[in-house]
Each structure stands twice: as structure tokens, then as C-alpha cells.
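See structure below.
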There are 2 protein chains.
Amino acid sequence: MALPRSEEKRIALLESAAAIMAAQGLGASTASIARGAGVAEGTLFRYFATKDVLYNALYTHLKLDLAAALRQHMAVHDSLDGQVRALWDAYIDWGVSNLSFFKTLNQLVVSDKVTAETRSTVASQLSDIKCIAQACSDNNGLTALPGGFADAVFMALAETTIQFVVRDPANGQAYKSAGFRVFWSGSVR
Amino acid sequence: MALPRSEEKRIALLESAAAIMAAQGLGASTASIARGAGVAEGTLFRYFATKDVLYNALYTHLKLDLAAALRQHMAVHDSLDGQVRALWDAYIDWGVSNLSFFKTLNQLVVSDKVTAETRSTVASQLSDIKCIAQACSDNNGLTALPGGFADAVFMALAETTIQFVVRDPANGQAYKSAGFRVFWSGSVR
DNA sequence: AGTCCTGTTGTGAGTACTCACTCATTTGTT
DNA sequence: AACAAATGAGTGAGTACTCACAACAGGACT
């Protein structure tokens, strides 16, 4: 299995997959994904041996893209509140301005097409962000919600908030701070 | 098109669909649904003319089942806090003990297979519950989150909470009250 | 009782279609 | 010329849905 020639085509296929799956669900056909990337269907299978391989590569691609966006806005704040708020804002902004990425990533997260191996490989590349969301917070007054629950609540609230910001952008700031307030006032002891 | 003979078979088909779709997604085949209900594939199409009709009937069935469960536990409390908490507990309990119903309903809610007509017909049968969750709360101190946001936050937190209770039942009560606290302390002014 | 008649319900092989995936061929580069 | 990359019609498996028929109920008439 030689390495694919063109990184461009690989990216084009991944972004086409994200866009089309956001609209049609994970069941979107390989034919339409290839067409969207401007290549033949057979070419898709040169880059991703099976559709499952594509799912896993897409999960990795989207997660790393999100992580890169978060890192850019992770200025060091004095207060934990400020730090978490910056993370929150960056997350919401990424979701709103990459809506099809966001939608597809959410579907992949709950899908059984993404293997545990892929998930843990990606997670290990995100340890710096986890640190803020979790290790740091434990030492600073966040409530003792059972393991992982605070993370999940953060994600669930962010997902809801993004939906509302997209649907009604005029009130975007209101949703953003309301969503954060729910998370924060409910999480702090 | 005469009415189907046996209400039993109709229910069996709906419950089979809910169970199989919870495991395999909405794309589960009509063949497997019929097999799960113990009838031939052709029989499914005597009860539901197309798969889309089945989706809509299933949405209605599950929503009404949930509503019935909520009504049973909607004792009148003196405080708004108590009333909403009772609603929260009933919702979580239903999700936990009808997990496949819950999972399938969540997929149907975001699916475009369920028509606006079905949604509004069902909603009109749930007005008494909406009253507590919304009309009542507006008059009693819930924060002025933009329209529908509080509802969505409630649902998102409940979904997350149910996942954790199912995954780790020993700490069920802890998740349940933690989830409610996030909702409540973030929602009250 | 037993046997035909009639209408509806239940059946599953059959149909047309879409899907993921293949491979002989063409295209492009060196 | 030599080689790999790209192509897209072709393949078999699986899909939603159909339809000619089997199964069975309950009268009505011997």
C-alpha cells in the first residue's frame, strides 16, 4: 500500500466527505463524496481502502482541526474562570464557522464506525487541551462531578449553544454567555 | 385501505423498530424489523405503507409513551423547583429504563424523515407538559434565556445524564442530581 | 356436522434500484 | 519506453417495496 501521491486530493476528499455527510448523514454515498472532491469514485478507494477507513481518517482530521483552533485562542488567563471561558468561546466559534465539520464530527463521535483505537490515538494528541478542561479544573474548585461528566456536560451545552447561534445569529452573544453561565454556575461548588 | 386487523402486530412492529434502530441506526432494514416482530416483511407494509410512514408512526408512539410516563409522576408540588425536579427525575428514569426507545427517539428528533405535521400533531397532544416546562416557568423566575433555549438545555443535559446513569448505575443518583443542579442553578436568575 | 363461498390478513420470492468496492484500461510524468 | 496514478463501467450484495397466492375466518346452505 504505497502512500497516496497527492495530499491535496486526500484533503479534498475529507472535506467533501465532511460537507456531504453534514447534509445527508454518515450514509452519504462514496460516489457523491468523490464527485464533490472532483475525482473518480475509484480514486477515493486509492486513498481510503474502505469507507470505514475514511470514517476514521475523517474523525482524526476534524478533531485535530478543532484542536488547532482551540490552541490558537488559549491565552493564559489569571483566573480559571477566564481560561475556561476562553476555551468555551473558541469552541463555539469553531462550531459556528465550521458548521459542517461540527455536524459531521458529532455524528462520528456517537458512531460505532470510529474505532476505540482511533479515539485513543487522537485523545493522546489532545492531552494539552484535556489538561485545562480536566486536570487543572480538579485542582481549582470545579465540583466533584463523577469522572468525565463535566466534560460531557460541557460538550452537550456547547452543541446546543452552537445550534442556537447558527439558527439566530443576532442573539449569538446572548446564547454564548447564557450557555456558559449554565455550565459554570452549575459546575462550581 | 382498511384498518389493520391486529393492534398487537402494529405495536410489535413499532417496538421491534425501536429496538433495532437503537442498535443499528435509522437505516435498519425493514427485513430485520419484520423479523424482530415475528412477521413477514410484506406484513410490515400492510401496517405502514412506506418506511417513512413507519418513522412518523414510531416518533408519535415513542413521544406519547414518554408523555404518559411523565404525567404519572407529575404530582403537584408547592415550589417550582420541586415541580421541575419531578419532571427531571421522571424524564431521566424513563430514558434509563427504556433505553432503546430513548436512543431511537433522539435519532428521530433530528431526522428529516419526521414531517413538520407529525411534530406539530404530537406537540399539540403534549400541551399540558409544555405548560410546566415553559409557560409556568416564565412566570416564576427562570432566567430569560432566548426562546426555546431553556428547553433545549434541559434536553441536552438530560441526554448526557441518562448516558452516564446507564454506563455507571452505581452513581446514578449522583449524576441525576448533578445534572439537575447544572440546569437549575444556571437557569434561575 | 360437513362443505362450499367470500372476504380479509399474512406471506415471501421477485423486482428495480443503490451501495461499497474492483480492475482492465487510459492518462500523465519522467 | 516505463511506470504509477487516475478512471469509471462493472460486480455482487443489500435495499425498499410489490404481488400473486396461501391461510383462515365465519356465515349460509345442504
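So that the names make sense, note that chain A is the first sequence line, chain B the second, and so on, each numbered from 1. All figures in this text were calculated on a predicted structure; none of them were measured in a lab.
Note on ring orientation: taking the six-membered ring where Trp is involved, the planes of A:Phe154 and A:Phe183 are perpendicular (angle over 60°, cut-offs 30° and 60°). Aromatic ring pairs are classed by plane angle as parallel below 30°, tilted from 30° to 60° and perpendicular above 60°; the pair B:Trp94 and B:Phe101 is tilted. The aromatic rings of B:Trp184 and B:Phe180 lie parallel to each other, their planes meeting at an angle below 30°, with 60° marking the opposite boundary.
Between C:dC21 and A:Lys51, no contact under 4.0 Å exists linking OP1 or OP2 to a side-chain N or O. Residue A:Tyr47 places at least one side-chain N or O closer than 4.0 Å to OP1 or OP2 of D:dA6.
Salt bridge A:Arg85/A:Asp81: absent, no basic N to carboxylate O contact under 4.0 Å.
Distances were taken from every side-chain heavy atom of A:Arg46 (C-beta onward) to each of C:dG10, C:dA20, D:dA5; the shortest belongs to D:dA5. The nucleotide whose nearest atom lies closest to any side-chain atom of A:Phe45 is, among D:dT7, C:dC21, D:dA6, C:dC21. With D:dA6, C:dT9, C:dA20 as the choices, the nucleotide that has an atom nearest any side-chain atom of A:Ser29 turns out to be C:dA20. The side chain of B:Thr30 sits closest to D:dA16 out of D:dA6, D:dT7, D:dA16. Distances were taken from every side-chain heavy atom of B:Glu41 (C-beta onward) to each of D:dT7, C:dG10, D:dA16; the shortest belongs to D:dA16.
Atom C1' of nucleotide C:dG10 and atom CD of B:Glu8 are separated by 15 Å, given to the nearest angstrom. Between the P atom of C:dC21 and the CG atom of A:Leu13 lies a distance of 14 Å, rounded to the nearest Å. Between B:Leu44 atom CG and D:dC17 atom P there is a gap of 9 Å when expressed in whole angstrom units. The CD-P distance, from B:Glu7 to C:dG10, rounds to 12 Å in whole Å. A:Leu26 places its CG atom 15 Å from the P atom of C:dC19, with the value rounded to the nearest Å. Nucleotide D:dA5 holds its C1' atom 16 Å from the CZ atom of A:Phe48, rounded to whole Å. Spacing between atom CZ of B:Arg35 and atom P of D:dG14 amounts to 11 Å, rounded to whole angstrom units. As rounded to whole Å, 11 Å separates atom P of C:dC21 from atom CD1 of A:Ile33.
In the model, A:Thr115 has a side-chain atom that pairs as donor or acceptor with a side-chain atom of A:Thr118 under 3.5 Å.
Residue contacts for B:Thr43: at a heavy-atom cut-off of 4.0 Å it reaches a base atom on one of the strands shown. Counting any heavy atom pair closer than 4.0 Å across all strands shown, B:Ala28 reaches sugar-phosphate atoms only and no base atom.
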